[in-house]
Every structure is written in C-alpha cells, then in structure tokens.
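All remarks here apply to the structure that follows.
Worth knowing before you read on, the calculation uses all heavy atoms, side chains too, and leaves out hydrogens, waters and symmetry mates.
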Amino acid sequence: MSPFGRLLLLVCLVLPLYAVEKVRNRGYRKDAEFDKCTGNDADNPNCTRISEEALSTNSNTMYGSCMQGPAGNPGREGNPGMNGIPGTPGIPGRDGMRGEKGECVSEVFEEPWKPNYKQCAWNSLNYGIDLGKIADCTFTKLRSDSALRVLFSGSLRLKCKAACCQRWYFTFNGAECTGPLPVESIIYLDQGNPELNSTINIHRTSSVEGLCEGMKAGLVDVAVWVGTCADYPRGDASTGWNSVSRIVIEELPKSF
C-alpha cells in the first residue's frame, strides 16, 4: 500500500472517534453562564443570574437532539379488581324514645260448652189432684252462669159447672222461678149450664215451658205443680190421663 493510502485509512479511523468524543465533551461541558452565581458568589455585584427562560433554552440546546414522538393509542381497560376487605361494624345507634305504656289485657279461655240435659217420663200418670205437686225430676246443674230450660208435656184437663181456672207451674228447689218470671200455664173454663146440669169435659195435650236463670251450680229439684188462678174458683183438674207425660230439663249458656 502506498503512503498516501495508509494516511487516508488512518484519517478514516481517527475522524469518527474524534467526532464522538467531541459530542460527549459538549454534553458534559459546563457553560460559563451557569457558573456565574454559585455558592457564596450570589451576593457578588458581578454575579449574573440566569433566568428560567435561559435555562430552558440551554436545556433544549443541550438535549435538542431527541424529539418527542407522536402519542400512542389508549390502552385497554383493566380487569375488575377483587372485592375489598369487609368494613368494620358501625357504631351502634342511639336508643329510641320510650313508648307509651300499654294496657294489660287478660284473656279468659273457657272450656267449650258441653250439652247437659235430662228427661223424666211417665206412662199414664193419671193424676187427678187439684192442688199440689204432680211430678218432679232431679237435675245436676254444672255452671252458675247458665240457664235452665224446662218443659212439661202431657194431658191437662179441667171441668166445672161454673167458671173455673187451674194453673200448672214449675218450681226449682221448692220455689218458683224469679229469673226473670215464673214458668206457668193456665186453663180457664166457663161453658157449663147449671139448669141442664151439663159440663164440658175435654182432655187435651198441653205443655208448660220456659227458661229460668240465676240458680247456682249443683243439684236442682225441678217439679210440676197444679194450683188455682188468682181470684177464680178452682175446678176439677186432671193431669196425664191415658198418655205419656214428660219433664225435659236442659242447661243452656247464658247470652251476654
């Protein structure tokens, strides 16, 4: 190789290295303007401050070789995060206002009503008295707040030559009902003709029925009696002729 060729090869190798070193020294070189106000020289009258605008210009000059590229596309939305830790319980609320005083209601549970009844019957009683007790029937009353329904059914007869009246009625333990009134039935007759000595003689089935209240629980002697009507003469009475006579007693709940 000729001496000229060798020199040209050397220049080609050294020149790029020199250019790189020059650029590197330029990046690290301190500008004289930056050293004017440092340390304790800030109060020196010969100190010249560099404005922010000059600093920005120098920075652009120093690093101006790198330009900002165009903005990239927006990224995709991220996946939903996991549920967070449950929060701590809140502070208990304040006590509410005191309510009004309630009423005390006592409930009364009564046993269901059970039927309670009795029947006493006689065949051909044929009782011909005009005054006194005809028949009786004993009954067990279970409750004091109940009523007794009584019924006498049988043949009743009355005859006389002049006007007369007979009364059939119930008694309870020997006394007539007072709650509210007696249980009774009457027969009045005024069809005779004394001149012909004729009388009417009719036997018919009749009944004496009613309710009586106000009796205590326990044994009750229920009886049927025959007697006179007030202010009228008595006649010839007959009870239970040639037929069945009966007393029916039933305990009923009292309605309020």
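For E213, the side-chain hydrogen bond (donor to acceptor under 3.5 Å, both in side chains) criterion is met by no residue, not counting sequence neighbours. In terms of the side chain to side chain contact (heavy atoms under 4.5 Å, CB included) criterion, residue partners of A163 (sequence neighbours excluded) are, by chain and number, Y188, D190. Remark: T239 engages W168 in a side-chain hydrogen bond (donor to acceptor under 3.5 Å, both in side chains) (not counting sequence neighbours). Listed by chain and residue number, nothing satisfies the side chain to side chain contact (heavy atoms under 4.5 Å, CB included) test with I91 (two or more places apart in sequence, or in another chain).
Across all non-hydrogen atoms, the minimal contact from L125 to S245 is CB-OG, 4.2 Å. Considering every non-hydrogen atom in both G210 and V183, the closest pair reads N-CG1, 3.6 Å. Closest non-hydrogen pair, V226 versus A237, comes out as CG2-CB, 4.4 Å. In this structure, A217 and S144 approach most closely via the heavy-atom pair N-OG, 3.1 Å. Nearest approach of V208 to S185, heavy atoms of both residues: CG2-CB, 3.6 Å. Listed here is the closest heavy atom pair of A223 and D136: CB-CB, 3.7 Å.
Membership of the apolar cluster around V248 extends to L151, as traced through chained side-chain contacts below 4.5 Å between ILVMFWY residues. In the hydrophobic clustering, where aliphatic and aromatic side chains (Ile, Leu, Val, Met, Phe, Trp, Tyr) are joined below 4.5 Å either directly or transitively, V244 stands alone. Through direct or indirect side-chain contacts shorter than 4.5 Å among Ile, Leu, Val, Met, Phe, Trp and Tyr, Y117 is connected to no other residue.
Taking the side chain as every heavy atom from C-beta outward, V150 and F172 approach each other to under 4.5 Å. Proximity of L252 to L211: side-chain heavy atoms (C-beta onward) are separated by under 4.5 Å at one or more points. The shortest side-chain heavy-atom distance between V222 and F170 falls under the 4.5 Å cut-off. Proximity of K216 to K141: side-chain heavy atoms (C-beta onward) are nowhere separated by under 4.5 Å. Counting only heavy atoms from C-beta outward, the side chains of S155 and S243 approach each other to under 4.5 Å. Residues R143 and K254 have side chains not in contact (no heavy-atom distance under 4.5 Å, counting atoms from C-beta outward). When side chains are defined from C-beta on, C177 does not count as touching Y169, because their heavy atoms never get closer than 4.5 Å. Contact check for V220 versus T138: no side-chain heavy atoms found under the 4.5 Å cut-off.
Between I129 atom CD1 and D236 atom CG the span is 12.0 Å, to the nearest 0.5 Å. Summarising the geometry, atom SG belonging to C137 is positioned 12.0 Å from atom CZ belonging to F152; distances are rounded to the nearest 0.5 Å. Taken to the nearest 0.5 Å, the NZ atom of K159 stands 14.0 Å off from the CD1 atom of I187. We find the OG-CD distance between S238 and Q166 to be 11.0 Å, quoted to the nearest 0.5 Å. Atom-to-atom distance recorded for I249:CD1 and C212:SG is 11.5 Å, nearest 0.5 angstrom. Atom CG in N116 sits 7.5 Å away from atom OG1 in T140 (nearest 0.5 Å).
Applying the disulfide bond (SG atoms under 2.5 Å apart) definition to pairs two or more places apart or across chains, none involves residues 69-102. Among pairs with a residue in residues 219-231, those fulfilling side-chain hydrogen bond (donor to acceptor under 3.5 Å, both in side chains) read T171-W225, at least two apart in sequence or across chains. Contacts classified as salt bridge (Lys or Arg N to Asp or Glu O under 4.0 Å) and involving residues 84-97 (residues at least two apart or in different chains) are not found. The side-chain hydrogen bond (donor to acceptor under 3.5 Å, both in side chains) pairs that include a residue from residues 118-131 are Q119-R246, where partners are two or more places apart or lie in different chains. Applying the salt bridge (Lys or Arg N to Asp or Glu O under 4.0 Å) test to residues at least two apart or on different chains, the pairs with a partner in residues 164-182 are R167-E176, R167-E184.
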query: E251 and L148: side chain to side chain contact (heavy atoms under 4.5 Å, CB included), yes or no, with the steps?
result: CA-CA 5 Å; E251 187 174 9; L148 289 185; 4.1 Å; yes
